Amino acid sequence: MGIIKGFRESSIPVIVALAVLLPANILSWVAFSTTSWAYVNNTMVNFQGYGLWRICATSGSCSLLDGTRSEWYAAFQACGVFGFMGINVAMLLVIMYMFVEWWEKDVELKVGAIASCFLAVASYISAVVVFSQEIRGWLATSADLLLGFSLWLAVAAIILTAIAGTLLAVDLILNILNIQTVTISNSGNNSTMTAASSNNSQGTSSKGKTKRRVTQGPV
């Protein structure tokens, strides 16, 4: 299916959801890969910043955090991964729903995209809450600690993804209601047609009986 045809045959909520998921995905990628979820506003540590996977200073020196033994940091990383993957999967499913002919307008894809959106929202919210609550108690220099742009980009991605998931859910509900309305309307039309057919049959039968009476009358 062509891109133009995919847009023409898609509803406005689905198109807007895709438009919202695109910047959400970009913001999620930046938040996931940068080291400014928080930083120490102190020149003595070269404004050391903390990300999901690394601790980096403005001097360029970094320490890896993958495989950390800190339980809360591991939970923060796990939630970040689920949030990051959820937004990516949601966008992929919406693209398949709109543009791939094999899965064209497949309701299961839309349901999967909705679930992925809200899984991403819940996971990223958990990541933001865990990190912002635990990071100060983890550092000796917590007085100089400030939340950085990576965290706020994750918050923006959460809001955009929630909007996209809501739009897709509304579109799904409207489609279901429309199908039910069409079904009820068709049932009513069928009943009307059946009644009319029955009346016509009865009318034809009555005419036939009248003709037979006229034919069998006295000569």
Side-chain angles (χ1 to χ4, degrees), residues 1-38 49-54 66 73-133 147-180:
M1 181 192 295
I3 294 177
I4 295 177
K5 183 181 178 183
F7 277 111
R8 285 177 178 173
E9 296 183 357
S10 298
S11 63
I12 292 177
V14 173
I15 295 173
V16 175
L18 178 63
V20 171
L21 278 173
L22 179 59
N25 203 22
I26 294 172
L27 295 175
S28 174
W29 272 87
V30 176
F32 188 78
S33 58
T34 52
T35 57
S36 288
W37 282 71
Y50 296 81
L52 274 162
W53 312 107
R54 294 171 297 165
D66 53 330
Y73 217 98
F76 162 58
Q77 291 173 334
C79 291
V81 169
F82 281 113
F84 174 77
M85 291 302 298
I87 296 176
N88 280 273
V89 171
M91 185 169 178
L92 177 62
L93 292 177
V94 172
I95 290 173
M96 291 168 61
Y97 176 83
M98 291 179 63
F99 304 116
V100 180
E101 188 171 359
W102 182 267
W103 290 288
E104 180 183 1
K105 306 302 178 286
D106 191 326
V107 175
E108 293 179 357
L109 288 180
K110 187 186 291 185
V111 173
I114 295 169
S116 296
C117 283
F118 289 112
L119 172 64
V121 168
S123 298
Y124 256 142
I125 288 176
S126 299
V128 169
V129 171
V130 169
F131 183 82
S132 59
Q133 292 294 319
L147 299 178
F149 72 86
S150 301
L151 183 142
W152 299 117
L153 290 181
V155 171
I158 290 169
I159 295 171
L160 292 175
T161 305
I163 292 172
T166 302
L167 287 170
L168 292 172
V170 169
D171 187 69
L172 178 63
I173 293 171
L174 290 176
N175 287 344
I176 293 173
L177 292 176
N178 184 53
I179 291 172
Q180 291 178 344

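In this text, all values refer to a predicted model and were calculated from it rather than measured experimentally. Keep in mind that the numbers below use all heavy atoms, side chains included, and drop hydrogens, waters and symmetry copies. Residue numbers run from 1 in the order of the sequence given.
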Query raised in the report: What residues, two or more places apart in sequence or in another chain, satisfy side-chain contact (heavy atoms from CB on, under 4.5 Å) together with Leu27?
Result: Leu153, Ala156, Ala157, Leu160
Query raised in the report: How many angstroms lie between CG in Leu92 and CG in Leu21, if you round to the nearest 0.5 Å?
Result: 11.0 Å
Query raised in the report: Is there side-chain contact between Pro13 and Val170, with at least one heavy-atom pair below 4.5 Å?
Result: no
Query raised in the report: Which pair of heavy atoms, one from Met91 and one from Asn25, lies closest together, and at what distance?
Result: SD-ND2, 3.5 Å
Query raised in the report: Between atom CD1 of Ile158 and atom CD1 of Ile87, what is the distance when rounded to the nearest 0.5 Å?
Result: 8.0 Å
**Report entry** Nearest heavy-atom neighbours spanning Cys79 and Ser126
**Finding:** SG-CB, 3.6 Å
Report task. May I ask you to test the Leu22-Leu18 pair for a side-chain heavy-atom distance under 4.5 Å? Result -> no
Query raised in the report: Does Ser132 use its side chain to pair, donor to acceptor, with the backbone of Val129 at less than 3.5 Å?
Result: yes
Query raised in the report: Roughly how far apart are Phe32 CZ and Met85 CE, rounded to 0.5 Å?
Result: 8.5 Å
Requested in this report: Nearest 0.5 Å please: distance from the CG atom of Leu174 over to the OG atom of Ser11.
Outcome: 8.5 Å
Report task. Look at the side chain of Arg54 and the backbone N and O of Ser33, then say whether any donor-acceptor pair between them is shorter than 3.5 Å. Result -> yes
Query raised in the report: Would the number of heavy atoms belonging to other residues, nucleotides or ligands and lying under 6.0 Å from CH2 of Trp53 be above 12?
Result: yes
Query raised in the report: What residues, two or more places apart in sequence or in another chain, satisfy side chain to side chain donor-acceptor pair (under 3.5 Å) together with Trp29?
Result: Asn88
Query raised in the report: Just how far is it from atom CG of Asp171 to atom CD1 of Ile176, taken to the nearest 0.5 Å?
Result: 10.0 Å
Query raised in the report: Is the number of heavy atoms from other residues, nucleotides or ligands within 6.0 Å of CE (Met96) greater than 12?
Result: yes
Report summary line: Between Ala19 and Pro23, the two heavy atoms sitting closest are O-CD, 2.8 Å
Query raised in the report: Any side-chain heavy atom of Phe84 sitting closer than 4.5 Å to one from Leu52?
Result: no
Query raised in the report: Closest approach of Ser116 and Leu93, non-hydrogen atoms and distance?
Result: OG-CD1, 4.1 Å
Requested in this report: Decide yes or no for Val20 and Val16: does some side-chain heavy atom of the first lie under 4.5 Å from some side-chain heavy atom of the second?
Outcome: yes
Query raised in the report: Can you tell me how far the CG atom of Leu168 sits from the OH atom of Tyr97, to the nearest 0.5 Å?
Result: 9.0 Å
Query raised in the report: Would the number of heavy atoms belonging to other residues, nucleotides or ligands and lying under 6.0 Å from OH of Tyr73 be above 12?
Result: yes
Requested in this report: Return the minimal non-hydrogen interatomic distance between Thr161 and Cys117, and the atom names on each side.
Outcome: CG2-O, 3.5 Å
Query raised in the report: Would you find a donor on one side and an acceptor on the other, under 3.5 Å apart, between the side chain of Trp37 and the backbone of Ala31?
Result: yes
Query raised in the report: Between Phe7 and Phe99, is the ring centre distance below 6.0 Å?
Result: yes
Query raised in the report: With distance as the sole test, does Thr166 use its side chain to make a donor-acceptor pair with the main-chain N or O of Ala162 at under 3.5 Å?
Result: yes
Query raised in the report: Between Ser28 and Tyr124, does any side-chain donor sit less than 3.5 Å from a side-chain acceptor?
Result: yes
